[in-house]
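When reading the values below, keep in mind they use all heavy atoms of this one structure, side chains included, and skip hydrogens, waters and symmetry mates.
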Amino acid sequence: MNAARAINHHADHPGFAGVTGVLCGLAFLLVGRAKARLVADVAQLSSADHVVDVGCGPGTAARVAARRGAQVTGVDPSSTMVRIARLVTPKRAPITWREGTAEALPVPGSSATVVWALATVHHWQDVDKAVAEAHRVLVPGGRLIAIERQSPDDATGLASHGWTRQQAESFATLCRGIGFDEVSVAEHGAGKGAVWVVSGKRQ
């Protein structure tokens, strides 16, 4: 039954490269703004924050964070996405772009106040390792935030690129087990724009 599928049920995604990667990156520039604003609101960013955007894509959420005063490190496994992010971002923006994965973040330990992932956790290769990495790079009290589209239990194809309630709750349970406190699962939006927001604090 699809409701019991893994948190990272699209871990076999081939990634974004070449012409297809460029086209997807341009599309993501158009469709990612609402989630970017939402995650920045949930994080309550200030100039004291250093955000690590895991799976940053073309950098929409990273730029929102920078406009709110935060320092940002955008990390993506796709060199194509990182290249697009650099091209469309003003050079003066306080953002560092790095190629890397959720499981091996190119960020020093205890250096970030916020780690977030927008619609990318369902692609992670190893969710346990990636959550442990988020824990490593966060300062005590730092926040992990994951946002995923709400996906029906019986969804297939593109519609399944998200989480059921069971998957959101499973991710929350995993976060607690790895050492995050005050972990919550919340719903935001309605209809096709409805998302799960799972957040927690590093102990």
Hey, are Asp41 and Arg68 close enough for a salt bridge, meaning a charged N less than 4.0 Å from a carboxylate O?
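Judged by the 4.0 Å cut-off on N to carboxylate O distance, Asp41 and Arg68 do form a salt bridge.
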Candidates Glu187, Lys192, His188 - the one meeting side chain to side chain donor-acceptor pair (under 3.5 Å) with Gln150 =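 Running side chain to side chain donor-acceptor pair (under 3.5 Å) over Glu187, Lys192, His188 with Gln150 returns exactly one hit, Glu187.
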Point to revise | CA sep, side-chain torsions, deciding dist, call: Ser151, His9, side chain to side chain contact (heavy atoms under 4.5 Å, CB included) | key: CA-CA 12 Å; Ser151 181; His9 56 292; 5.8 Å; no
How long is the straight-line distance from [atom2] of [Y] back to [atom1] of [X], given to the nearest 0.5 Å?
X: Thr96; Y: Gln71; atom1: OG1; atom2: CD; value: 7.5 Å
X: Trp97; Y: Leu87; atom1: CH2; atom2: CG; value: 11.0 Å
X: Thr164; Y: Asp154; atom1: OG1; atom2: CG; value: 11.0 Å

The test is side chain to side chain contact (heavy atoms under 4.5 Å, CB included); show your working for Gln125 and Asn8 and say whether it passes. CA-CA 7 Å; Gln125 295 293 307; Asn8 59 336; 5.8 Å; no
Tell me whether [Y] is reachable from [X] by hopping between hydrophobic residues (I, L, V, M, F, W, Y) whose side-chain heavy atoms are closer than 4.5 Å.
X: Val82; Y: Val72; answer: yes
X: Val51; Y: Val64; answer: no
X: Val195; Y: Val185; answer: no
X: Ile145; Y: Val183; answer: no
X: Ile84; Y: Leu118; answer: no

- Task: Apply side chain to side chain contact (heavy atoms under 4.5 Å, CB included) to Lys35 and Thr60, showing your working.
- Result: CA-CA 9 Å; Lys35 288 187 183 74; Thr60 302; over 6 Å; no
Exercise. If you measure only the distance, is there a donor-acceptor pair under 3.5 Å linking the side chains of Ser170 and Gln166?
Worked result: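 Present: a donor and an acceptor within the cut-off.
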Under 3.5 Å side-chain donor-acceptor pair for His122 and Gln167:
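No pair is found: no donor N or O on one side chain lies under 3.5 Å from an acceptor on the other.
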Item checked: Residues Val88, Arg63; criterion side chain to side chain contact (heavy atoms under 4.5 Å, CB included); working and verdict -> CA-CA 10 Å; Val88 301; Arg63 286 185 292 276; 3.4 Å; yes
Any sub-3.5 Å donor-acceptor pair from [X]'s side-chain atoms to [Y]'s backbone N or O?
X: Ser111; Y: Pro108; answer: yes
X: Thr113; Y: His50; answer: yes
X: Glu148; Y: Thr120; answer: yes

For the residue pair [X] and [Y], what are the closest heavy atoms and their distance?
X: Val139; Y: Ser110; answer: CG1-O, 3.4 Å
X: Ala43; Y: Trp116; answer: CB-CZ3, 4.2 Å
X: Ser160; Y: Ala155; answer: CB-O, 3.7 Å
X: Trp124; Y: Ala117; answer: CZ2-CB, 3.7 Å
X: Pro106; Y: Val75; answer: CD-CG1, 3.8 Å
X: Gly74; Y: Ile95; answer: N-CG2, 4.5 Å

Pairwise side-chain contact, His123 with Pro77, heavy-atom cut-off 4.5 Å (strictly under):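 His123 does not reach Pro77 side chain to side chain.
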Quiz prompt | Heavy-atom side-chain contact between Glu133 and Val54 under 4.5 Å | solution =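 They are not in contact (no side-chain heavy atoms under 4.5 Å apart), so the answer is no.
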List, one per line, each side-chain donor-acceptor pair under 3.5 Å for residues 196-203, sequence neighbours excluded.
| unit_1 | atom_1 | unit_2 | atom_2 | d |
| --- | --- | --- | --- | --- |
| Trp196 | NE1 | Trp163 | O | 2.9 |
| Ser199 | OG | Ser184 | OG | 3.2 |
| Arg202 | NE | His135 | O | 2.8 |
| Arg202 | NE | Leu138 | O | 3.1 |

message = Ile7 and side chain to side chain contact (heavy atoms under 4.5 Å, CB included): which single residue from Thr173, Val121, Asp128 fits?
response =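 Between Ile7 and the candidates, side chain to side chain contact (heavy atoms under 4.5 Å, CB included) is satisfied uniquely by Val121.
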